[in-house]
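Owing to the predicted nature of the structure, the values given are computational and were not obtained by experimental measurement. Below, chain A is the first sequence line, B the second, and so on; all start at residue 1.
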Amino acid sequence: MRLLLIHSDHIEYETRKKTKVAEENVVPKDALDEALTVFCAVESVDEENIEDAVRQAVDEIVATAGQLGTTNIMIYPYAHLSADLASPEAAVSALRGIEDALARKGGFVVKRAPFGWYKAFSISCKGHPLSELSRTIVPGEGAAAEKKEIEHEFFVLTPEGERKNVDDYLKEDTRFASLIRKELGHPGQEGGEPVHVDLMRGKELVDYEPRSDVGNLRWMPRGKLIRDLLSDYILARVLDYGGMPVETPVMYDLGDRAISEHAAKFGERQYRFRSGNRDMMLRFAACFGMFCTMHDMHISPNTLPMKLYELSTYSFRHEQKGEVIGLKRLRAFTMPDMHTLCRDVDDALASFEEQLAIGWQSGVDLETPLVGAFRCTRDFFDQYELWVKEIVAKSGVPMLIELLSERSHYWIAKVDLAAIDAQGRPIENPTVQIDVESADRFDIKYYTPEGAEVHPPILHCSPTGSLERVICAMLENTATEEVPSFPTWLAPTQVRLVPVAGRHVCFAEEIGTRLNAAGLRADVDDRDESVNKKVREAGMDWVPYVAVIGDQEAETGRLTVTVRRLSENKKPYKESMSEDELIQAVKMETTGKPFRPLYTPRLLSKKPRFI
RNA sequence: GCCGCUGUGGCUUAGCGGUAUAGCGGCUGAUUCGUAAUCAGCAGGUCGGGGGUUCAAGUCCCCCCAGCGGCUCCA
């Protein structure tokens with residue numbers, strides 16, 4: 001709801017002509033002196049919880065009136081304050097609600113201009129600093145959630161099937177204990193600036209874009225390369241698993257019932273806008289597109305489970321401004337999103353297990369150690385306790401279990417795997433969820449041989465979590481490394497060749513060309529700088545293999561290579577290798593991982609600076 | 001969104017009532033160098049934006065924007 005509050009010497013209106021949505025039995029003409037005039041637009045989000053929107057609006061009006069010392073209030077419906085209006089019925093009910101509530105408070109003279117009429121009006125504004133105020137009201141999810149009062153029960157399950165008290169873990173200095181402390185609301189000490197925010201800019205990966213909205217980033221070539229390689233990694237895993245890649249639109253029409261219902265579950269955390277005469281929203285995940293696809297498909301139970309996959313570029317979530325930070329929490333982010341249409345719950349449990357394993361494996365492959373929490377309703381746990389114990393056993397590590405007294409979202413069970421940042425806070429990454437609502441809502445169905453209609457469970461799965469958070473976790477992990485680095489397959493430059501003098505550049509370029517042809521990202525620092533400086537900067541670029549190229553190398557054909565992973569602080573590890581041995585060394589480390597060529601010029605003299 | 005802190009050239013920063021420091025980076029020149037910074041010169045700032053106080057404002061006050069910490073929240 002949008003409010004424009006004007007402290008006015010005088011306000012008067014007169015109805016002229018009805019619109020299609022005009023209210024009946026109205027006061028056609030009225031006026032008020034010394035009044036707080038409240039121009040008001042009821043918006044579509046208000047329909048999620050009209051009572052709360054009304055309550056907040058009334059609080060706001062009473063507070064303002066108190067500040068101004070006025071007791072006369074004119075409520076004036078004014079559609080032009082918003083591009084995303086509620087239905088006329090909802091608007092009238094909200095306006096009446098505000099009027100009644102104010103009247104009931106006593107001490108106010110309350111008048112209300114009629115809704116849905118063309119009206120003439122004149123107003124004189126007092127013009128003092130507080131005389132014009134605007135407010136935006138969003139009905140609270142909080143207020144709605146309070147009614148439900150969901151109870152949460154936490155405990156730990158070990159791989160051996162033992163049920164343990166969470167308190168046993170609270171004091172431990174482990175990643176798992178960090179997760180438990182956060183989940184149970186035990187405050188950690190105040191952290192400083194996160195490591196990754198410095199690094200994401202300092203290493204020329206990704207940066208804030210002040211000319212966009214908060215939480216929308218710009219990617220520089222080195223960061224773009226890492227992101228693309230990660231997406232290649234996930235695609236390979238998904239294809240291997242039998243997922244089918246698709247691509248669907250980023251925006252949806254809120255006029256569609258299934259869309260607006262699904263969207264309403266997530267309150268105000270959406271980008272909404274008007275396009276022509278349609279109210280639209282930006283997707284917050286790829287669910288919409290895939291559910292629409294599934295709805296339109298002819299589904300045979302014989303082709304289930306069916307997995308659709310999309311790299312949701314982007315997923316948009318209008319997080320509160322104070323919640324947005326670095327790569328950890330964004331308003332536009334890249335989420336690998338797979339949806340599995342299952343035959344039945346048993347089928348869903350089997351797929352869940354497979355997808356959980358993919359999630360754990362991503363932590364190994366991407367070198368971002370993960371810890372796990374499994375959450376489900378108490379009913380689900382009572383029924384499938386053995387299965388829950390089995391997936392913990394297969395995970396091989398203790399997991400935090402959270403039981404909810406009733407279902408509050410669309411899922412009945414889900415697992416969240418999290419990396420832990422340098423301040424001991426979780427970065428929630430891979431997830432698998434069992435959705436029991438969406439097939440109904442989007443009318444996704446198949447028929448049994450007997451002809452019965454089935455709206456089956458759907459799994460949501462992000463095999464790695466958002467790519468931004470994966471990179472966040474990697475950068476945070478470097479805080480504890482003596483010699484920080486990226487995994488070699490992700491290093492923007494894998495081999496840096498450093499010619500000693502100008503006359504060696506040509507030779508270094510020849511080697512570089514051969515390394516590139518062999519599928520390595522090698523560049524040549526041909527700048528007119530000292531060898532010392534070029535080696536230092538290769539280190540600051542976290543280049544895993546650095547070779548100085550001079551007369552010696554030209555004569556012997558052997559390279560002295562500094563291997564970052566084997567080096568200690570101030571103690572570089574050097575090894576003599578042939579060109580082929582260098583190629584093999586890189587291949588050994590990157591085998592089975594995706595490859596893309598350099599995203600920056602091969603000659604460093606041609607590489608521009610971004611930061 | 002709320003409370004708090006911060007905001008000086010591309011980056012890191014000095015100055016905290018008298019219109020601005022330095023280093024890195026950039027450019028130019030010299031240097032052609034063997035594993036973590038070669039030397040010199042030059043250019044680059046309406047001190048986040050707007051308003052106010054003052055003879056005078058990065059410096060004090062107000063509003064806004066952004067970043068960070070905390071709260072709330074996180075499908």
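- Among the protein residues, Val531(A) comes within range of the sugar-phosphate backbone only, with heavy atoms under 4.0 Å from sugar or phosphate atoms but none that close to a base.
- In this entry the distance linking CG of Asn532(A) with C1' of rU32(B) reads 14 Å, nearest Å.
- As the counterpart of rU38(B), rA30(B) is assigned, both hydrogen-bonding distances of the Watson-Crick or G-U wobble pattern falling under 3.5 Å.
- Of the charged side-chain nitrogens involved, none lies within less than 4.0 Å of a carboxylate oxygen, so that Arg272(A) and Asp279(A) do not count as a salt-bridged pair.
- Summarising the base pairing, rA66(B) is matched to rU6(B) through a Watson-Crick or G-U wobble pair whose two defining distances lie under 3.5 Å.
- Take the nearest nucleotide of RNA chain B for His460(A) and for Pro194(A): the residue whose nucleotide is more 5' is Pro194(A).
- Using a 30° and 60° split on the angle between ring planes, His262(A) and Phe288(A) fall in the perpendicular class, above 60°.
- Contact of Asp528(A) with rU31(B) (side chain to base): a donor-acceptor pair of N or O atoms is detected under 3.5 Å.
- With both pairing distances under 3.5 Å, rC16(B) is matched to nothing as a Watson-Crick or G-U wobble pair.
- No option in Tyr410(A), Tyr252(A), Phe291(A) other than Phe291(A) meets the ring-ring contact (aromatic ring centres under 6.0 Å, His included) test with Phe442(A).
- Counting all heavy atoms, side chain and backbone alike, Ser576(A) lies closest to Glu581(A) at O-OE1, 4.2 Å.
- For the pair Glu476(A) CD and rC68(B) C1', the interatomic distance rounds to 13 Å; values are reported in whole Å.
- Residue contacts for Glu193(A): at a heavy-atom cut-off of 4.0 Å it reaches the sugar-phosphate backbone alone, with no base atom in range.
- Counting heavy atoms from C-beta on, the side chains of Glu406(A) and Leu404(A) never come closer than 4.5 Å.
- Taking atom CZ of Phe507(A) as the reference point, atom C1' of rG34(B) lies 15 Å away to the nearest angstrom.
- No contact: Thr431(A) has no heavy atom under 4.0 Å from any strand.
- One interatomic measurement links the two molecules: NZ of Lys328(A) to P of rG67(B), which rounds to 16 Å at whole-angstrom precision.
- Remark: the Thr562(A) side chain and the rU35(B) base include a donor-acceptor N/O pair separated by less than 3.5 Å.
- Pair check for rU59(B) finds none; no Watson-Crick or G-U wobble contact set falls under 3.5 Å.
- If you check rG1(B) for Watson-Crick or wobble pairing at under 3.5 angstrom, you find it paired to rC71(B).
- Remark: Glu310(A) engages Arg283(A) in a salt bridge, criterion side-chain N to carboxylate O under 4.0 Å.
- For Lys321(A), a side-chain nitrogen or oxygen approaches OP1 or OP2 of rA66(B) to under 4.0 Å.
- Taking atom C1' in both rC3(B) and rC60(B), one finds a spacing of 23 Å when rounded to whole Å.
- Residue Arg331(A) contributes atom CZ, which lies 12 Å from atom C1' of rA66(B) at whole-angstrom precision.
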Next item on the list: Under the side-chain hydrogen bond (donor to acceptor under 3.5 Å, both in side chains) rule, what do Ser485(A) and Arg564(A) come out as? Steps first, then yes or no, please.
Entry: CA-CA 8 Å; Ser485(A) 63; Arg564(A) 186 173 180 81; 5.1 Å; no

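- With hydrogens and angles ignored, a donor-acceptor pair closer than 3.5 Å exists between the side chain of Glu553(A) and the base of rG34(B).
- Look at CG on Leu330(A): it is 20 Å from P on rC73(B), rounded to the nearest Å.
- Nucleic acid contact class of Phe610(A) (heavy atoms, under 4.0 Å, all strands): none.
- Rounded to whole Å, the separation between the P atoms of rA40(B) and rC24(B) comes to 9 Å.
- One can place NZ of Lys533(A) at 6 Å from P of rU38(B), the figure rounded to the nearest angstrom.
- In this structure, the CZ atom of Arg329(A) is 14 Å from the P atom of rG1(B), given to the nearest Å.
- rU19(B) and rU12(B) have their C1' atoms separated by 24 Å, with the value rounded to a whole Å.
- When the P atom is used for both rG58(B) and rG18(B), the distance is 11 Å, rounded to whole Å.
- Comparing the same atom, C1', in rU8(B) and in rG67(B) gives a spacing of 15 Å after rounding to whole Å.
- With the nearest nucleotide of RNA chain B identified for both Tyr410(A) and Glu529(A), Glu529(A) has the one nearer the 5' end.
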